[in-house]
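Only heavy atoms go into these numbers, but all of them, side chains included; no hydrogens, no water, no symmetry mates. Per chain, numbering begins at 1; letters A, B, ... match sequence-line order. Values in this document were obtained by computation on a predicted structure and should not be read as measured data.
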Protein chains: 2
Amino acid sequence: MKNVISDVEDRLRAGDSKLTARRELVLKVLLENSDKHLSAEEVYNLVKRRAPEMGLATVYRALELFQEFDIIHAIDFGDGRKRYEFGSGKGKIHHHHHLICTKCGGITEVNEDLLEDLENRVSRQHHFTITDHQLKIFGICRQCTGK
Amino acid sequence: MKNVISDVEDRLRAGDSKLTARRELVLKVLLENSDKHLSAEEVYNLVKRRAPEMGLATVYRALELFQEFDIIHAIDFGDGRKRYEFGSGKGKIHHHHHLICTKCGGITEVNEDLLEDLENRVSRQHHFTITDHQLKIFGICRQCTGK
DNA sequence: TTCCTTGCAAAGTGTTTGCATTTGT
DNA sequence: ACAAATGCAAACACTTTGCAAGGAA
């Protein structure tokens, strides 16, 4: 946990930016809720508990910065706002998928990458150099089944 | 072509709605550009050529109506606006995927459904009843390769 | 008439930007 | 002191909504 923060600090410094107190707070909130896919507003609300004077714009700017440094990336579950998640958006570093329950809105992560074969086929057939993919599966989750 | 329109007309009428002249125009524009994934604004601009007095709100309302009737559905390519495509969003009727070129922004459709095995596995492992999925593959398209 | 549709403008929602002030070094 | 970061409010982009006017049955 602490190491993640100092790792981010190093990466920012290497790019002539720094991990200010506000940015660290944003980062911590993201870390502590890394299972939740928070939106900017949600991050803002959590952050405000510890720094009530903090502005929403600062949260957006921190999120943008973290994205530039490939520390987080945005995902879109179709609810009209961006949500954030650790890991680079580019590259094949961190492939996982989301099961989205259309009843309760809950999101489950599937942490294996299940698409290698498929990617190889598509890549060959369409002469398309794949750098990333995004799979969202919609349906009814275990808890909501049978309700 | 004509049959698609009268089919839509029938479906709307069955649900106590009707295919007005404006709505038909929206539908036609969508049909004539079914390869393009138009946004609301793009539909609006095309529609205005034939009906200059038409308002943007009417386009949005027509698109919403068509979605309710599962005639079209919205997709999000992460550019901040919704784009529309024929076919139901629910159900396993019409599964295809999108190759999104990160260089030129071009979108290629992959019309086979390649995910059956994967769905079966996920469904079993997570007790998740799948109703739909969405796969976006990012990379460099054939034309942009080597530029 | 009655009900639905439409155009227009206003309101909403999520995000970004301009600018004066504050902070860190 | 200087550059970068921040809070605030205004601006933005896309979408939705309220309402009065228009049209079809």
Side-chain angles (χ1 to χ4, degrees), chain A residues 8-9 11-30 37-69 71-84 89 105, chain B residues 8-9 11-30 37-69 72-84 105:
Chain A
V8 168
E9 196 170 359
R11 288 165 70 182
L12 290 186
R13 205 179 343 249
D16 285 315
S17 287
K18 46 200 158 159
L19 189 63
T20 63
R22 315 252 108 150
R23 289 173 183 168
E24 188 173 334
L25 213 46
V26 170
L27 184 62
K28 277 182 180 162
V29 164
L30 287 170
H37 306 99
L38 299 179
S39 66
E41 193 104 24
E42 287 165 346
V43 171
Y44 174 62
N45 290 329
L46 290 169
V47 136
K48 276 231 293 199
R49 294 199 198 152
R50 304 193 214 166
E53 352 64 51
M54 187 152 172
L56 179 56
T58 303
V59 171
Y60 274 106
R61 285 191 273 236
L63 293 170
E64 198 195 358
L65 185 79
F66 292 152
Q67 284 183 91
E68 280 166 23
F69 280 85
I71 291 154
I72 62 173
H73 72 271
I75 24 173
D76 192 320
F77 292 126
D79 60 349
R81 73 203 67 194
K82 288 177 186 160
R83 296 181 171 279
Y84 300 87
Chain B
V8 168
E9 195 171 359
R11 287 165 70 182
L12 289 186
R13 201 172 352 243
D16 285 316
S17 288
K18 45 196 161 162
L19 190 62
T20 63
R22 316 252 106 149
R23 289 173 184 167
E24 187 173 334
L25 213 45
V26 170
L27 185 62
K28 278 182 181 162
V29 163
L30 287 170
H37 305 99
L38 299 179
S39 66
E41 193 105 23
E42 287 165 347
V43 171
Y44 173 61
N45 289 328
L46 290 170
V47 137
K48 276 231 294 199
R49 294 198 199 152
R50 302 193 216 167
E53 352 64 51
M54 186 152 172
L56 180 56
T58 303
V59 171
Y60 274 105
R61 286 191 272 235
L63 293 171
E64 197 196 358
L65 186 78
F66 292 152
Q67 285 183 89
E68 280 165 23
F69 280 85
I72 62 173
H73 72 272
I75 24 173
D76 192 320
F77 292 127
D79 61 348
R81 74 203 66 195
K82 288 176 187 159
R83 295 180 171 280
Y84 299 87

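B:E9 meets the salt bridge (charged side-chain N to carboxylate O under 4.0 Å, His left out) test with B:R13; sequence neighbours excluded. Listed by chain and number, the residues in a ring-ring contact (aromatic ring centres under 6.0 Å, His included) with B:F77 are B:H37, B:H98 (sequence neighbours excluded). Judged as a ring-ring contact (aromatic ring centres under 6.0 Å, His included), and not counting sequence neighbours, B:Y44 has no contacts.
The distance between atom NZ of B:K48 and atom P of C:dT6, rounded to the nearest whole Å, is 16 Å. As rounded to whole Å, 12 Å separates atom C1' of D:dA3 from atom CG of A:D16. As rounded to whole Å, 15 Å separates atom P of D:dA5 from atom CG of A:L63. Taking atom CD on A:E53 and atom P on D:dA9, their separation rounds to 15 Å, with Å as the unit. Between B:N45 atom CG and D:dA13 atom C1' the separation is 15 Å, expressed in whole Å. In this structure, the CE atom of B:M54 is 11 Å from the C1' atom of C:dT5, given to the nearest Å. Between the OH atom of A:Y44 and the C1' atom of D:dT6 there is a distance of 12 Å, rounded to whole Å. Rounded to an integer number of Å, the gap from CG of A:D76 to C1' of D:dT15 is 15 Å.
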Subject >> B/S/- contact track for nucleotides 15-25 of chain C, protein heavy atom under 4.0 Å >> reply: BBBB-------
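In this structure, B:R23 contributes its side chain and B:K18 its backbone to a donor-acceptor pair below 3.5 Å.
In this model, the phosphate group of C:dT5 is not approached by any side-chain N or O of B:T20 to a distance below 4.0 Å at OP1 or OP2.
Between A:F66 and A:L19 there is a side-chain heavy-atom pair separated by less than 4.5 Å.
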Tabulate below the donor-acceptor pairs under 3.5 Å that side-chain atoms of residues 49-56 of chain B make, not counting sequence neighbours, or state none.
residue : atom : partner : partner atom : Å
B:R50   : NH2  : B:E32   : OE1          : 2.5
B:R50   : NH2  : B:E32   : OE2          : 3.3
B:E53   : OE1  : B:R22   : NH1          : 3.4
B:E53   : OE1  : B:R22   : NH2          : 2.9

**OP:** Dump the intermediate steps for side-chain contact (heavy atoms from CB on, under 4.5 Å) on B:T58 and B:V26, then the final yes or no.
**Re:** CA-CA 9 Å; B:T58 303; B:V26 170; 6.0 Å; no
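Residues A:V8 and A:I71 share a closest heavy-atom pair of CG1-CD1, 3.7 Å. Scanning both residues, A:R83 and A:S39, for their nearest heavy atoms gives NH1-N, 3.6 Å.
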Give every pair of a protein N or O atom and an N or O atom of nucleotides 10-12 of chain D that lie under 3.5 Å apart, one pair per line with the distance.
none

